[in-house]
Amino acid sequence: MINITFPDHSVRQFESGVTPLEIAKSLSEGLARNVLSAKVNGKMWDAMRPVNEDATIQLFTWDDPEGKATFWHSSAHLMAEAIEALYKGVKFGIGPAVDAGFYYDIDTGDITLTEADLVAIEKKMLVDVSKAEALKYFTEKGDEYKEELISELEDGTITYYKCGNFTDLCRGPHIPNTSFIKAVKLTSLAGAYWRGDEKRKQLTRVYGITFPKQKELEEYLVLLEEAKKRDHRKLGRELELFMFSDTVGKGLPIWLPKGTELRLRLQEYLTKIQKEYGYEQVITPHIGGKQLYVTSGHWDHYGEDSFRPITTPEEGEEYLLKPMNCPHHCMIFKWKPRSYKDLPFRCAEFGTVYRYEQSGELHGLTRVRSFTQDDAHIFCRPDQVKEEFIRVMEIIEIIFKALDFKNFEAQISLRDPNDHEKYVGSDENWAKAEAAIQEACAEKGLPAHVEYGEAAFYGPKLDFMVKDALGRKWQLGTIQVDYNLPERFDLTYIGADNEKHRPVMVHRAPFGSMERFVAVLLEHCAGEFPLWLAPDQVIILPVSEKYLDFAKNLQSYLKKSDIRALIDERNEKIGRKIRDAEMKKYPYMLIVGEKEAAENQVSVRKHGQVDLGTMPTEAFAELIRKQVEEEQNKR
RNA sequence: GCCGGUAUAACUCAGUUGGUAGAGUAGCUGAUUUGUAAUCAGCCUGUCGGCGGUUCGAGUCCGUCUACCGGCUCCA
């Protein structure tokens, strides 16, 4: 007999060799019907795999993320089996579960899969299946991808699965029976490099998702449609915030008047906070001499993947569109001798930069070739680094709070421990910089996960990652500790000992870029901006043309009170004006007719709500002022 | 850059097996003067993404380029 410990710490005895499924059955028939996989002593486990020793056990169903992962992983195998049956001679790479569904990377040889094939595969998948074992199979079959994976596994740890006629090398676990899978949707086809290496062969990746009930698939598809409605590219056009033009060039966003209004509000807000935090604003040119980037190391690292240098016609001098602001700011630091008493020097700029992003990477406002960073560089003494770092974290905290960004992930981006070639600077400096970030996070109590290989070439970063409407992760805010650029630019300050010392740089951008931030903000609020940011805060709706004069007086009064108001002057009925104003998501509607004009009042209607009643115009202006103040002070 | 897909009016989309393009919305004009989510009538709108080819004839078939969409790779 063995002792099985459950998550509630209760212990029960079972025969050695008992399976999780049998354990579930002893608890309840219903549970047994729904168990997909288990965790035994911390290891993922098949529901039908015997347990031979004392163990703690967790049982997973569709309601657990682990259960879903098992379900989808098995679905990937089911799909592979269907593909193998339909297309002879295809070879299989990997087929894992992902956040929403699964994929399988496949070498299809001479065959090109198209979307029509996906339907055929879906059908085939829902026919039959079972499970068993085998191994030399892959060599005999000549599947070099699986062979490579096998060769890296320790002997005795290899498990593999057979699914109908399809046999796979796999760590499992799998669901007890593929009849659990009742609904299949293969969602997309894509190329994917084998093992993520661009130099190796590109396989065909098939994405899909499955469910235990047809209804759940339908609900998922509806949810997807809803998410697409929040797409910032769609909302950006509908709300007239920004545009692109093939003639201007791809990846070069153009901010329309309403989008500019929104962006300026964000910039104003951050500028105010930065003043409180001792920043000084600067402005630098959009181009810089090539030598600047040779010195910084950027030319070495990105020169080939940048816009080509601009040259002067007579002298042939080379200038680069600036891809970042730090070298310019270093020159500002160098401009005059600095004393230890002057530090930290916090140099801020909304700096527009230009980067040659691969054409396939461009994506709405989130990945562009020209964007404006809410950039700043803090030049400080080594003993000030941690405090300065924490003060930047505070600024990011204030901003994320003001905008209700709750679901961000903090990521500590460190060097790739296996590839120091990619980075500049001494190990000693890197160690200091990486330690500073980790200490600051610990001190601030910020939960952050470490990601290796994600550092900038000159230093480690703390990145704030946020997901968009479709679950894609984007880096917004970033703070970077840099011991290297001060050395490369030979920056110095005079210390209390009257000797020269090397300052440390902190690069930071709370929004990241105005473009990406606005994109993610748009998707988060689905275009319903908080009042303080809305390009148009109030729309005045005259009941008929007779009240246009009153509406115009009201508008100029509101504008004097620093409230952004417009008038729907169309010759339409009030119901129509309200409907259109609702669809444009204006935060407030003011309905004015005979009664209001006579008494200098306004009837207030808030977006998404009903009639809020009538109030004097002064009272309304005060209400707006108060709400804006509250929204900006959620510290 | 790579793989797959898409491209028809300002927007959202129809357009059979090749026979020279249509709807709704928006816009414009007029009537109506409106009280909390669509008033009515009329009018206008296109190099069918560009270029080339097949054909008596191409929005439709083929090639190519461009842009966009979904991924991969990259992201100072």
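Below, each value reflects all heavy atoms present in this structure, side chains not excepted, and no hydrogens, waters or symmetry copies. In what follows, every chain begins at residue 1, and chains take the letters A, B, ... in the order their sequences are listed.
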Measure from [atom1] on [X] to [atom2] on [N] and round the result to the nearest Å.
| X | N | atom1 | atom2 | result |
| --- | --- | --- | --- | --- |
| A/His363 | B/rC74 | NE2 | P | 18 Å |
| A/Arg472 | B/rG71 | CZ | C1' | 10 Å |
| A/Tyr207 | B/rC69 | OH | P | 17 Å |
| A/Arg570 | B/rC28 | CZ | P | 10 Å |
| A/Tyr354 | B/rA76 | OH | P | 19 Å |
| A/Lys234 | B/rC68 | NZ | C1' | 16 Å |
| A/Phe550 | B/rG35 | CZ | C1' | 15 Å |
| A/Asp105 | B/rG70 | CG | P | 19 Å |

If you look at every strand shown and take non-hydrogen atoms under 4.0 Å, does [X] touch a base, only sugar-phosphate, or nothing?
| X | answer |
| --- | --- |
| A/Tyr103 | nothing |
| A/Gly297 | nothing |
| A/Ser188 | sugar-phosphate |
| A/Lys595 | base |
| A/Gly593 | base |
| A/Glu594 | base |
| A/Ser603 | base |
| A/His298 | base |
| A/Glu572 | base |
| A/Lys250 | sugar-phosphate |
| A/Arg205 | sugar-phosphate |

Using the [atom1] atoms only, state how far [M] lies from [N], rounded to an integer number of Å.
| N | M | atom1 | value |
| --- | --- | --- | --- |
| B/rU55 | B/rC68 | P | 35 Å |
| B/rC28 | B/rU45 | C1' | 11 Å |
| B/rG22 | B/rA9 | C1' | 10 Å |
| B/rU8 | B/rC61 | P | 15 Å |
| B/rU54 | B/rU60 | C1' | 14 Å |
| B/rA38 | B/rG24 | C1' | 13 Å |
| B/rG49 | B/rG5 | C1' | 16 Å |

Would the base of [N] count as contacting [X] through its side chain, where contact means a donor and an acceptor less than 3.5 Å apart?
| X | N | value |
| --- | --- | --- |
| A/Gln202 | B/rC2 | yes |
| A/Arg355 | B/rC74 | no |
| A/Arg237 | B/rA10 | no |
| A/Glu596 | B/rG35 | yes |

Quick one: which of [options] gets closest to the side chain of [X]?
| X | options | value |
| --- | --- | --- |
| A/Asp246 | B/rA76, B/rA67, B/rC69 | B/rA67 |
| A/Lys546 | B/rU33, B/rA76, B/rU36 | B/rU33 |
| A/Arg579 | B/rU36, B/rA37, B/rC69 | B/rA37 |
| A/Ala192 | B/rC72, B/rU39, B/rA37 | B/rC72 |
| A/Tyr193 | B/rG70, B/rA38, B/rC2 | B/rC2 |
| A/Ile574 | B/rG35, B/rU39, B/rU33 | B/rG35 |
| A/Ala190 | B/rA67, B/rU39, B/rC3 | B/rC3 |
| A/Val543 | B/rU36, B/rA76, B/rG35 | B/rG35 |

Please give the nucleotide sitting opposite [N] as a Watson-Crick or G-U wobble pair, both distances under 3.5 Å, or none.
| N | answer |
| --- | --- |
| B/rU33 | none |
| B/rC61 | B/rG53 |
| B/rG42 | B/rC28 |
| B/rC2 | B/rG71 |
| B/rA7 | B/rU66 |

Is there a side-chain contact between [X] and the phosphate of [N], meaning an N or O under 4.0 Å from OP1 or OP2?
| X | N | answer |
| --- | --- | --- |
| A/Ser359 | B/rG1 | yes |
| A/Arg233 | B/rG70 | yes |
| A/Arg576 | B/rU39 | yes |

Under a plain distance cut-off of 3.5 Å, with no hydrogens placed, do [Y] and [X] share a side-chain donor-acceptor pair?
| X | Y | value |
| --- | --- | --- |
| A/Gln411 | A/Lys461 | no |
| A/His286 | A/Tyr354 | yes |
| A/Glu349 | A/Thr284 | yes |
| A/Trp299 | A/Gln291 | no |

Just by distance, do the side chain of A/Asn484 and the backbone of A/Val424 share a donor-acceptor pair under 3.5 Å?
yes
Does A/Arg205 make a cation-pi contact with A/Tyr103, if we ask for NZ or CZ under 6.0 Å from the ring centre and within 45° of the axis?
yes
If you count heavy atoms of other groups shown closer than 6.0 angstrom to CG of A/Asp419, is the number above 12?
yes
Ring centers of A/Tyr588, A/Phe620 separated by less than 6.0 Å:
yes
Under 6.0 Å between ring centres: does that hold for A/Phe457 and A/His298?
yes
With centres under 5.5 Å and planes under 30° as the test, does A/Tyr302 stack with B/rA76?
yes
